[in-house]
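So the structure is just underneath, and the comments pick up after that.
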Amino acid sequence: KYNVVIVGGGSTWTPGLLQSLTKNKNVFPLNRLVLFDIDAERQKIIGEYAKVLFKEKYPELDFQYTTDKEIAYKNMDFVFCQMRTGGYAMRELDEKIPLKFGVIGQETCGPGGFAYGMRSIRDMLQMIEDVRKYSPNAWILNYTNPAAIVAEAINRVYKDDKRILNICDQPVNLLRSYGRLLDMDPYEFEPVYFGLNHFGWFTHLYDKFGNDLVPKIKEIIKRQGFKPVDAEQRDQSWLDTYSIVKDMLEDFPDYLPNTYLQYYYYPEYKVKKLDPNYTRANEVMDGREKRVFAECRLVAEKGTTAGSSVVHNDAHGDMIVEVAESIAHNKNRIYIIITENNGLISNIQDDAMVEVAAILGVNGPRPFGVGKIGTFYKGLMEQQLAYEKLTVDAYFEQSYEKALQALTLNRTVVDAKKARKILDELIKANKGYWPEL
Ligand code: G6P
Ligand code: MN
């Protein structure tokens, strides 16, 4: 039986995660679960909901929610980390500031991702330091965004710590969506994937007989479009990021692209589609945030979960629990994870944090190499990688110059004068969150 802490326990993604833990209690049994958040109010609402859920479905569980680090991190086996430094208020600025200058406003791509990355690094490094003080051997499963920047920063400080895993749920979301297209079980797929976080491609997807399903998936998407597996619970804006995959395949038909590539393939088109006065952060604050907290309050008030559904996106919660189980029980299941390149992509530098498929067991990920990649993909990746590295340099060196270089290299920006204007506004907006540049 395992002890688990969820960092960012007051997140609206937490109820889904709690349900996954409950659903999987026979395969990944918990002894103790702690929710930890720095925001006591949000934490309490989700925590009180959890109490009701566990009273009904997990009575043997030792459960607690807290804002105290020592309670949170002591004697843990797994740390699930999903913090959001600055919350949705800062996400809103990340998205709106670039849009004022006609540049993509997105939480992980472009200047928004840059700003969020500069905020996340300090808190993530602090979290690891705190966890290691109380639980030197715990597995830290991190899906805090922007994962590429966070992974790069962590790798510079904690290179030798083999129990930190950075992972994103979008590849799993895509695998599930391919499963829906083909009417097949996505758990049977064996993917080949390469890239950076929110910047990668499926080159092959094998079924259990060794057939590559990629050609068939491309053909179906070109004919009938593409939808997320959980289309019913998603906003229109999310559906739009899937339907455009058809265009991406028409322009670059080699591989199945991660949906996030659209911001780099089509920055002009995407900017036109984004509303500078009402962004995804607004959509989430008005939608999911209100809905989930209202439902949680109601459950706590009524003392029963009967008739309530507070889950948002099963894939996210399921993935992280299944990943933990694959590690804990040495299942060696295949996941797409973020790891240091070291030749996996043979014509990309060794110290890049790349996203590839890996088997995942008690010794951590054993990634699969993909060999040499083509010039187009190498060019895209290297530009993005340089942006990511310079962003992390800017953080550690407190360098305005590096920050300006990073933003200029980002495909969503390109123009250095524009990069400077955006950077100056982001610096003002992030006062207190960023190191001084
Ligand atoms: C996917 C990505 C995450 C991202 C999320 C955004 O799951 O992999 O990195 O945070 O989408 O979702 P939201 O609903 O908050 O825009
Ligand atoms: Mn992600």
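Ligands are counted one by one from 1 in listed order, and the atoms in each one are counted from 1 as well.
- Using modelled atom types and a 3.5 Å distance limit, the side chains of Glu322 and Tyr187 yield a donor-acceptor pair.
- Assignment of Tyr260 to the shell around ligand 1 is supported, since a heavy atom sits closer than 4.0 Å.
- Tested against Tyr255 for a ring-ring contact (aromatic ring centres under 6.0 Å, His included), the candidates Phe202, Tyr377, Tyr193 yield a single pass: Tyr377.
- In this structure, His316 does not count as a contact residue of ligand 1, since none of its heavy atoms falls inside 4.0 Å of the ligand.
- For ligand 1, the atoms sitting less than 4.0 Å from at least one non-hydrogen atom of Glu107 are 4 (C), 5 (C), 6 (C), 10 (O), numbered in the order shown with element in parentheses.
- Contact analysis puts Asp169 in contact with ligand 1, with a non-hydrogen atom separation below 4.0 angstrom.
- Within a 6.0 Å radius of NZ in Lys418, other residues, nucleotides and ligands contribute more than 12 heavy atoms.
- Applying the 4.0 Å criterion to heavy atoms of Arg280 picks out, from ligand 1, the atoms 13 (P), 14 (O), 16 (O).
- Here is the list of ligand 1 atoms found below 4.0 Å of a heavy atom in Arg288: 13 (P), 14 (O), 15 (O).
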* To do: Determine, stepwise, if the pair Thr241 / Gln262 fulfils side-chain hydrogen bond (donor to acceptor under 3.5 Å, both in side chains).
  => CA-CA 8 Å; Thr241 64; Gln262 62 196 268; 4.7 Å; no
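- Summarising the contacts of atom 3 (C) of ligand 1 with Val284, Asn145, Asn197, the nearest heavy atom is found in Asn145.
- The angle His198:NE2 - the Mn ion (ligand 2) - Cys168:SG amounts to 90°, with values rounded to 10 degrees.
- Taking every heavy atom of Trp238 and a limit of under 4.0 angstrom, the matching atoms of ligand 1 come to 1 (C), 11 (O).
- In this pair, Tyr206 and His204 present their aromatic rings parallel. The plane angle is below 30°, not in the 30 to 60° band.
- Heavy-atom separations between Gln106 and ligand 1 are all 4.0 Å or longer.
- Proximity of Tyr116 to ligand 1, defined as any heavy-atom pair under 4.0 Å, is not found for any part of the residue.
- For Lys23, the NZ atom is densely surrounded, since the number of other residues' heavy atoms within 6.0 Å is greater than 12.
- Taking the six-membered ring wherever Trp is involved, the centroid distance between the rings of Phe28 and Phe78 falls below 6.0 Å.
- In this structure, a donor-acceptor pair under 3.5 Å is absent between the side chains of Gln43 and Asp39.
- Using cut-offs of 30° and 60° on the angle between ring planes, the pair Tyr269 and Tyr266 is perpendicular.
- By the criterion of a heavy-atom distance under 4.0 Å, the side chain of Arg91, and not its backbone, is placed next to ligand 1.
- Close approach of ligand 1 to Cys168 (heavy-atom distance below 4.0 Å) involves ligand atoms 8 (O).
- Looking at ligand 1, you'll find an N or O of His198 within less than 3.5 Å of one of its N or O atoms.
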